[in-house]
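Notes to accompany the following structure.
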There are 2 protein chains.
Amino acid sequence: MNTLSYGLLALLTRGPRSGYELMQHIQPIWQAKHSQIYPLLALMEKRGFVQYVPVAQKDKPDKKVYSLTDEGIAALREWVPEPTGDPVKRDEMLLKVYCIGFIEPAQARQLFEERMRMYQCKIEKYHRMLDDLGSETVQAVEAGRMEHPGFGSYILLKRAIGQAESDLDWCRWVVGLLQLNPTGSVGN
Amino acid sequence: MNTLSYGLLALLTRGPRSGYELMQHIQPIWQAKHSQIYPLLALMEKRGFVQYVPVAQKDKPDKKVYSLTDEGIAALREWVPEPTGDPVKRDEMLLKVYCIGFIEPAQARQLFEERMRMYQCKIEKYHRMLDDLGSETVQAVEAGRMEHPGFGSYILLKRAIGQAESDLDWCRWVVGLLQLNPTGSVGN
DNA sequence: GATCACATGTAATAAGTTACATGATTGC
DNA sequence: GCAATCATGTAACTTATTACATGTGATC
């Protein structure tokens, strides 16, 4: 049982999900490919933390819909108070920014403008997801009712938006700095 | 040559560094242990991207001080315009937040308060690092002189502070929400 | 006497990515 | 016809962590 396994259990607290759905929904929080998720689900099923029902679909391939068992819920509750690992962040762009003095100014601008587009897309996506949660959830969150399904999703989306906007502001600030010295348009 | 290898080359643009120093300085940008870094340095040395001089020290163990070769600089310049990988973020805490409805309110508060302490420490550390860069660097950055050594470090520190403050604000907001409904003090 | 910081390295394991594999349906 | 979405799985590989290994000097 590694962190990703507990993460899958956490996702299943919202209700039964197929492996494919779990793979999609965990992406914003924890990047993982289906090749990592399917074996973990099989293992957790064997250990009794989750169970599944095969669901036949016309027009789509069959799927396995997983749900939490009592043992799974117990495992989840045991995991939460355990010491929480430090966040791991690896962003290739930041390594490039570190040696920005070695970069052509035009390339530097491109690097930041690309990122700005990425963050704008993300922010829009997160706002759409917020809207999908509905006003009932918003009211529950504003009342501090953390037991409400959707409380976790809502505050996580708020965080993601805050982070993306902070980063976007930073990109704009740097692009502004770079334009003070338009070396790129003069050549080097 | 993987991303971490290029990251090490990027760090070496600031001047010669030992493997140990590289390991320490790369941490805020890209988490890696010494066991990963030393073999990569050895490999890059064999391939001619870096070179080292053994430096004997009294009172401390001997060290190998690495520096960039012309080939290393060339490799670095080739890497920069290549497509940049998406950032990878994995934070166990966010998985716990997702299933916050299954958590005891007291545990939830603890989770956030622990994080707030972590961010406060980080912010203080980053501010100290900013101060260490000196006013000369600040002036160069404000003038948009990206070729200045320290430009990259300065803007990366600014970003790190922005991200940490955004997260800290988020934690405070959530703790405020949790206090609206003090279920934890009544028991469950 | 124990732990920490410095300093480098290897070995074993765990975690994560890419590629291989299959197969239906829908849209371009 | 070709790519994309849905859906599951395995194999091969890369990347990252933990543990093993060694040794000094400083601090508690």
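Keep in mind the model is a prediction, meaning the values are calculated, not measured. Atom set for the values below is all heavy atoms of this structure, side chains included, hydrogens, waters and symmetry mates excluded. Every chain is numbered from 1 and lettered A, B, ... according to where its sequence line falls, protein lines coming before strand lines.
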Requested in this report: Indicate, with a heavy-atom threshold strictly under 4.0 Å, whether Gln24(B) touches base, sugar-phosphate, or nothing.
Outcome: sugar-phosphate
Query - Phosphate OP1/OP2 of dA15(C) contacted by Arg90(B) side-chain N/O (<4.0 Å) - result: no
Query raised in the report: Have Arg90(B) and Thr3(A) got a donor and an acceptor in their side chains that come within less than 3.5 Å?
Result: no
Query raised in the report: How would you label the contact of Lys33(A) with the nucleic acid (heavy atoms, under 4.0 Å): base, sugar-phosphate, or nothing?
Result: base
Query raised in the report: At under 4.0 Å, does any side-chain N or O of Gln57(A) touch on OP1 or OP2 of dA7(D)?
Result: yes
Requested in this report: Say whether Ser166(A) and Asp169(A), considering side chains only, have a donor N or O and an acceptor N or O under 3.5 Å apart.
Outcome: no
Report task. Please confirm whether the backbone N or O of Val55(B) pairs with a side-chain atom of Lys63(B), one donor and one acceptor, at under 3.5 Å? Result -> no
**Report entry** Nearest-nucleotide comparison on DNA chain C, the residue closer to the 5′ end among Asp62(B) and Val88(B)
**Finding:** Asp62(B)
**Report entry** Sub-6.0 Å ring centroid separation between Phe112(A) and Trp170(A)
**Finding:** yes
**Report entry** DNA chain C: 5'-proximal contact among Lys60(B) and His34(B) (nearest heavy atom)
**Finding:** Lys60(B)
Between the protein and nucleotides 26-28 of chain C, list the N/O to N/O atom pairs that are separated by less than 3.5 angstrom.
none

Requested in this report: Check every strand shown and say whether Ser18(A) touches a base, only sugar-phosphate, or nothing at a heavy-atom separation below 4.0 Å.
Outcome: sugar-phosphate
Query raised in the report: Hey, does the side chain of Gln36(A) come within less than 4.0 Å of dA15(C)'s phosphate (OP1/OP2), counting only N and O?
Result: no
Requested in this report: Mind checking the OG1-CD spacing from Thr137(B) to Glu142(B)? Nearest 0.5 Å is all I need.
Outcome: 11.0 Å
Report task. Mind checking Ser35(A) for me? I need base, sugar-phosphate or nothing, with any heavy atom below 4.0 Å counting as a touch. Result -> base
Requested in this report: Look at the side-chain N and O atoms of Tyr38(A) and state whether any lies under 4.0 Å from the OP1 or OP2 oxygen of dG9(D).
Outcome: no
Query raised in the report: For dA14(C), does either OP1 or OP2 sit under 4.0 Å from a side-chain N or O belonging to Asn2(A)?
Result: no
